[in-house]
Amino acid sequence: MTNKPTSDHDEAESIDLGAGRRLEIRPSTAGDAELLRDFYEQQSIEDLRRRFFRVYKPPIEWCQEWATVGDRGGYAVLAIIHDGHDHTM
């Protein structure tokens with residue numbers, strides 16, 4: 001594990017998972033709203049039920065609110081697996 005930031009985020013942690021994969025754990029920022037929306041959009045109905053106990057694909061406005069919770073005194077963390085050109089949240 002390294003404390004070296006892996007992106008533009010000062011508090012990012014990076015963990016080498018092997019096989020060219022890396023896990024990045026960091027606070028969310030306003031720029032993550034589309035990443036959050038894409039995450040929800042890629043989930044099947046069954047995956048949404050298993051993860052969240054309901055089927056809900058939030059609008060971009062909700063994702064923007066969630067991604068910027070730190071601006072209002074909250075704290076949100078993202079865990080992103082980078083695999084070459086792909087990433088999974």
Side-chain angles (χ1 to χ4, degrees):
M1 185 180 340
T2 177
N3 290 330
K4 180 182 170 192
T6 59
S7 64
D8 294 336
H9 306 279
D10 293 336
E11 300 177 52
E13 294 281 339
S14 181
I15 301 167
D16 180 28
L17 301 174
R21 297 178 352 147
R22 177 177 50 86
L23 174 65
E24 178 182 13
I25 302 171
R26 61 172 176 75
S28 67
T29 65
D32 293 320
E34 288 187 25
L35 184 65
L36 289 165
R37 183 191 60 201
D38 291 347
F39 168 76
Y40 278 96
E41 288 296 321
Q42 293 172 6
Q43 303 302 306
S44 70
I45 289 173
E46 191 59 33
D47 284 341
L48 289 169
R49 279 194 188 117
R50 278 190 286 235
R51 288 176 187 257
F52 308 110
F53 304 106
R54 66 182 180 157
V55 177
Y56 178 65
K57 293 189 178 185
I60 189 66
E61 294 81 14
W62 184 92
C63 295
Q64 290 165 338
E65 286 289 315
W66 193 92
T68 59
V69 70
D71 297 344
R72 296 179 303 283
Y75 197 80
V77 177
L78 298 179
I80 304 167
I81 296 175
H82 297 274
D83 184 8
H85 300 295
D86 245 352
H87 62 270
T88 305
M89 193 160 82

Name all residues meeting the side-chain contact (heavy atoms from CB on, under 4.5 Å) criterion together with F52; count only those two or more places apart in sequence or in a different chain, and write none if there are none. F39, Y40, L48

Would you be so kind as to tabulate the donor-acceptor pairs closer than 3.5 Å made by side chains of residues 65-81, with sequence neighbours excluded?
unit_1 : atom_1 : unit_2 : atom_2 : d
T68    : OG1    : Q64    : O      : 2.7
T68    : OG1    : E65    : O      : 3.4
T68    : OG1    : R72    : NH1    : 3.1
R72    : NH1    : T68    : O      : 3.1
R72    : NH2    : E65    : O      : 2.6
Y75    : OH     : E11    : OE1    : 3.1

Can you measure from CZ (R49) to CD (Q43) and round to the nearest 0.5 angstrom? 13.5 Å

L17 versus R22, closest heavy-atom pair with distance: CD1-C, 4.1 Å

When rounded to the nearest 0.5 Å, the distance separating CD of E24 from CD of E13 is 10.0 Å

Tell me whether I45 is reachable from Y56 by hopping between hydrophobic residues (I, L, V, M, F, W, Y) whose side-chain heavy atoms are closer than 4.5 Å. yes

For R50, check side-chain contact (heavy atoms from CB on, under 4.5 Å) against everything at least two apart and list the hits. E46, D47

